[in-house]
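Everything numeric in this text was worked out from a predicted model, so none of it was measured. Side chains are part of it too, since the values below use all heavy atoms of this structure and drop only hydrogens, waters and symmetry mates. Chain identifiers are assigned alphabetically (A, B, ...) following the order of the sequence lines, protein sequences preceding nucleic acid strands; residue numbering begins at 1 within each chain.
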Amino acid sequence: MSHTSLIENEYQGENQDLIKMRHSAAHIMAESVLSLFPEAKLGIGPPIENGFYYDFDIQQSITPEDLISIETKMREIMESHSPFERAEISRTEALEKFSDQPYKLEIIESILDEKLSTYSHHGFTDLCQGPHVESTEKIGHFKLTRVAGAYWKSDENNPQLQRIYGVLFASSADLDEHLKRLEEAEKFDHRRIGRELDLFFFDPISPASPFFLPKGTTVYNLMTDFIRESYNHYGYEEVISPQIFSTELWKQSGHYENYATNMYFTNVDEREFGIKPMNCPGHCVIYKAQLHSYRNLPLRYADFGRLHRYERSGVTHGLTRVRSFSQDDAHIYCSPEQIEQEIMGLLEMMGTTYDAFGLSRPRFTLSLRPEKRVGSDEIWDKAENALRSALISSGEQFEEIENEGAFYGPKIDLFTRDALGRDWQLSTFQLDFNMPERFGLEYIGEDGNAHRPVMIHRAILGSLERFLGILIENNAGAFPVWLSPIQATIIPIADRHNGYADDLAKKLKSEGLRVNVDNRSERMNAKIREGQLQKIPYMLIVGDNEQKNNSVSTRLRSNENLGEQSLEEFLNYCAPEIAPPVNLLTSQ
RNA sequence: GCCCACAUAGCUCAGCGGUAGAGCACGUUCUUGGUAAGAACGAGGUCACCAGUUCAAGUCUGGUUGUGGGCUCCA
C-alpha cells in the first residue's frame, strides 16, 4: 500500500489502532491472494470505514469460494506471528524491487520523495507508509465480504481491477455487532418498507422510475404541501415551466455540450427537443420575459416540475437514484451583495424543514473554486466569503473542500445517511455566475444601468423521491404523525360495532384526520397486529363500552395503551400532532 | 457503461436433469373475539425473455432485460 495519507486524514476521527489493524489485514490479504494467484498484480489496499480492501489485477474472476480460501490463508499467516517491519529504500531500489508490479511502479513514479518506505511481514513486502501493527496475529477479527470491480485510480479509462472488501474490528463481539447491524439495516431498507406499507413500487416497464401508490402519493403530496407553505413564509413564488424544450435552449444553457448523455431527446416537426433534466434554463426564460428592477430582487422562482435524467444502468438505486423525479427546486436571482443574506435564509429554512420532517442534522460541505471556472476572482472571493460567513453565523459545523466547486460557482451541499451508512446529498445551495451570463440576464440598478444578477440554485429536500427514501430509512416507515398516510385506524371488536366505527370515522375525517376502518371479520388482535405493522400512529379500538359511552380506546404504535377516552379527549390529544408543523415556519 | 451476484405464485423463499412446492397475502364459509396472527376449504405460476445442449431443462450453456452490491458518473 502506498499513499495512505489521504485515507488516514479522512478517518482521523477513528481509532488509530483500528486503522493500523485494518491496514495490516489488507497486506496479509495481498500476500494470501498472491500465494493463490501468483500472477496477480497489486493495486492499492487501504483501511476504510469498518474494514479494508485491496485491488488486484487477475485474469480470472475471483469467486465467493476463492474468498473462503483467501480468508483461510490469511488466518494461517496470522498464526505465523510474523512481525511487520519497516524499511526505508531509495527510489531506485523501489523501482527495482517492484519491477514486476506495474501499478506499484506507477505509484512510485508519482511520489516525489527520494526516500520511500516498505513494510514486510512473513516474507511479503509492500510499498507503504504505514503504520502497521507489530505482528500479524494482532490484526483483530475480520471477515471478507465481497468482491467488486474498481477502476485503477478510479478512472474508467484505466483497467478495471478486482477489489476484495473485508470488515474488521478489534473484538469478535464488535465484528458480530457490525454484521448484525448490516442484517438489521435490511429492515430499514426503504424499498422493502415501500412495498410493505403500499407506498410505491418499481416495474421493469419503466426502469428506475417509481410508481407511487395512493398511500405513497399522500405522503409525497404532504411533503410538497409543507414546502409550499414554507414558500409563503420565505418569499418564494411558484412557477410552472414546460417539460420539453427545443435543443436551442440546451445549447444556450450549456447542457447540450455537458449533460446531453444524461438527457432524453425526442424529434417532432423535424425539430429536436430535450426533456428537461433541470429547471434552471426554463427559469431563465421566465426571468427574461420581464424587465426587472433592483427593487424586486431577490426574485425566487420555485418549481416542482418533473425531471428526467438518463442515469446509467449501474447507478440507479431504489428511490434514492431514479430516472424520473421532481425537486423542491427554486432559483434565486439576486445581486452579489445579497448572496450572504440569501444563504442565511436558506440555512434557516433548511433547519426548520429538517425539524419538521424529524431528520437529524446533515453533514455540511462547502465546495470552493475549481481550477477550471468562469467568473472573475473578485466575484469568487465575494461568493466564497458570503457562503462561509453564512455558514459560520448559522453555527453549523462544515467542511471546506478545495477544487470541489462547480465551474460556475461555489456551493454548499448537505449529506444525510441511509440505513447502510451511505451518504446521500439532499439539500444543495449552488451559486451560479455562468447561466446569467449565457442568458444575458439583467436587472436595472439604482444607478439606472443594467447589472448582471447572480443565480442561486437551491433545493432543501432535493429530489422528493430521494428525500422520501432517506426519510423512510431514518424512521423505518413510522412517519411523523402529520406525514402518516393513515393517521388513525378504527378497529371494531365485532361486526356489530362497524356502524359506530363508520360514524366515528366520519367525525374524525371532518376534524382533518386521515382515518380508515378495519371492518374485516378478523379478530381484534389480528387487526391490531396489522395496524402495528402498518405503523399507524393511532389504533382506535371500539367495542360495546365505547359504543355505549361514545368513546374510543386508543393504542399507540409505541405499544402504549391510553385506555378509554371520550372522542373529545382523543381529539385534544392528537390535535398537536396531526397537522403539518407550520408553526415552525412562523419565526420569520 | 464496467465487475460480481441474483431473477420460481402478489410478497418471502424451497426445489438444482425426470409431470411445479411452502409460509404469508388473497377469496369463500364458519367464528364475533378487549390490545401483535381463530379455523377449514379454495383460487393463483409459459419457473424474467430469446436461443442452444439433452430422449427429457426452473434445473446445464450462451445472449437479452431487470434487480442487488461495488466502481465510475452526478456540468
Q. Looking only at atom C1', what distance separates B:rC3 and B:rU8, rounded to whole Å?
A.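 After rounding to an integer number of Å, I get 27 Å for this pair.
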
Q: Can you tell me, in whole Å, how much space there is between the C1' of B:rA51 and that of B:rA57?
A: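 After rounding to an integer number of Å, I get 13 Å for this pair.
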
Q: Take atom CG of A:N403 and atom C1' of B:rA75, then tell me their distance rounded to the nearest Å.
A: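 My rounded result for the distance is 16 Å.
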
Q: Starting from C1' on B:rG69, measure out to CD1 on A:I48 and report it in whole angstrom.
A: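 It works out to 13 Å between those atoms.
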
(Q) Test of understanding: with ring-ring contact (aromatic ring centres under 6.0 Å, His included), list the residues that count as partners of A:F169, not counting sequence neighbours. (A)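 Checked A:F169 against ring-ring contact (aromatic ring centres under 6.0 Å, His included); matches are A:H178.
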
Q: State which residues pass ring-ring contact (aromatic ring centres under 6.0 Å, His included) with A:F467; sequence neighbours excluded, sorted by chain then number.
A: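 A:F357.
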
**Q.** Strand partner of B:rG17, provided both Watson-Crick or wobble distances fall under 3.5 Å
**A.**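 When the pairing criteria are applied, nothing turns out to pair with B:rG17, so the answer is none.
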
Please enumerate all protein N or O atoms sitting under 3.5 Å from an N or O of nucleotides 70-74 of chain B, with distances to 0.1 Å.
{"residue": "B:rG70", "atom": "OP1", "partner": "A:R422", "partner atom": "NH1", "Å": "3.2"}
{"residue": "B:rG70", "atom": "OP2", "partner": "A:R422", "partner atom": "NH1", "Å": "3.1"}
{"residue": "B:rG70", "atom": "O3'", "partner": "A:Y165", "partner atom": "OH", "Å": "3.2"}
{"residue": "B:rG70", "atom": "O2'", "partner": "A:Y165", "partner atom": "OH", "Å": "3.1"}
{"residue": "B:rG70", "atom": "O6", "partner": "A:G314", "partner atom": "O", "Å": "3.3"}
{"residue": "B:rG70", "atom": "N2", "partner": "A:G149", "partner atom": "O", "Å": "3.2"}
{"residue": "B:rC71", "atom": "O4'", "partner": "A:G149", "partner atom": "O", "Å": "3.0"}
{"residue": "B:rC71", "atom": "O2'", "partner": "A:Y151", "partner atom": "N", "Å": "2.9"}
{"residue": "B:rU72", "atom": "OP1", "partner": "A:S154", "partner atom": "OG", "Å": "2.2"}
{"residue": "B:rU72", "atom": "O2'", "partner": "A:E156", "partner atom": "OE2", "Å": "3.2"}
{"residue": "B:rU72", "atom": "O2", "partner": "A:R312", "partner atom": "NH2", "Å": "3.1"}
{"residue": "B:rC74", "atom": "O2", "partner": "A:R321", "partner atom": "NH2", "Å": "2.4"}

Q: Summarise protein proximity over nucleotides 35-51 of chain B in one line of letters, 5' to 3': B for base, S for sugar-phosphate only, - for none, counting protein heavy atoms closer than 4.0 Å.
A: BBBB-------------

**Q.** A:Y310 backbone acceptor or donor facing A:N262 side chain under 3.5 Å
**A.**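 Yes.
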
Salt bridge (charged side-chain N to carboxylate O under 4.0 Å, His left out) partners for [X], two or more places apart:
| X | value |
| --- | --- |
| A:E71 | A:R75 |
| A:R557 | none |
| A:R191 | A:D189 |

Q) How would you label the contact of A:G543 with the nucleic acid (heavy atoms, under 4.0 Å): base, sugar-phosphate, or nothing? A)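 Since a base atom lies under 4.0 Å of A:G543, the category is base.
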
Q: Classify the nucleic acid contact of A:F56 as base, sugar-phosphate or nothing, counting any heavy atom under 4.0 Å across all strands shown.
A: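 If one applies the 4.0 Å heavy-atom cut-off, A:F56 turns out to touch nothing in the nucleic acid.
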
(Q) Just to be sure I understand the geometry, which residues of residues 202-215 of chain A put a non-hydrogen atom under 4.0 Å away from RNA chain B? (A)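 Close to the strand are A:P204, A:P207, A:A208.
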
Q: Could you name each residue pair satisfying side-chain hydrogen bond (donor to acceptor under 3.5 Å, both in side chains) that touches residues 490-499 of chain A, not counting sequence neighbours?
A: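 Of all non-adjacent pairs touching residues 490-499 of chain A, those that pass side-chain hydrogen bond (donor to acceptor under 3.5 Å, both in side chains) are A:R496-A:D544, A:H497-A:D544.
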
Q: Would you mind listing every side-chain hydrogen bond (donor to acceptor under 3.5 Å, both in side chains) that reaches into residues 453-472 of chain A, with sequence neighbours excluded?
A: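 Pairs touching residues 453-472 of chain A that pass the test: A:Y220-A:E465, A:Y231-A:R458, A:Y236-A:R458, A:R306-A:E465, A:H331-A:H457, A:D432-A:H457.
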
Pairs under 3.5 Å (N/O, protein and nucleotides 12-14 of chain B):
{"residue": "B:rU12", "atom": "OP1", "partner": "A:R195", "partner atom": "NH2", "Å": "2.9"}

Side-chain atoms of residues 201-213 of chain A: list all donor-acceptor pairs with protein atoms under 3.5 Å, sequence neighbours left out, distances to 0.1 Å.
{"residue": "A:D203", "atom": "OD1", "partner": "A:I205", "partner atom": "N", "Å": "2.8"}
{"residue": "A:S206", "atom": "OG", "partner": "A:S209", "partner atom": "OG", "Å": "3.3"}
{"residue": "A:S209", "atom": "OG", "partner": "A:P207", "partner atom": "O", "Å": "3.1"}

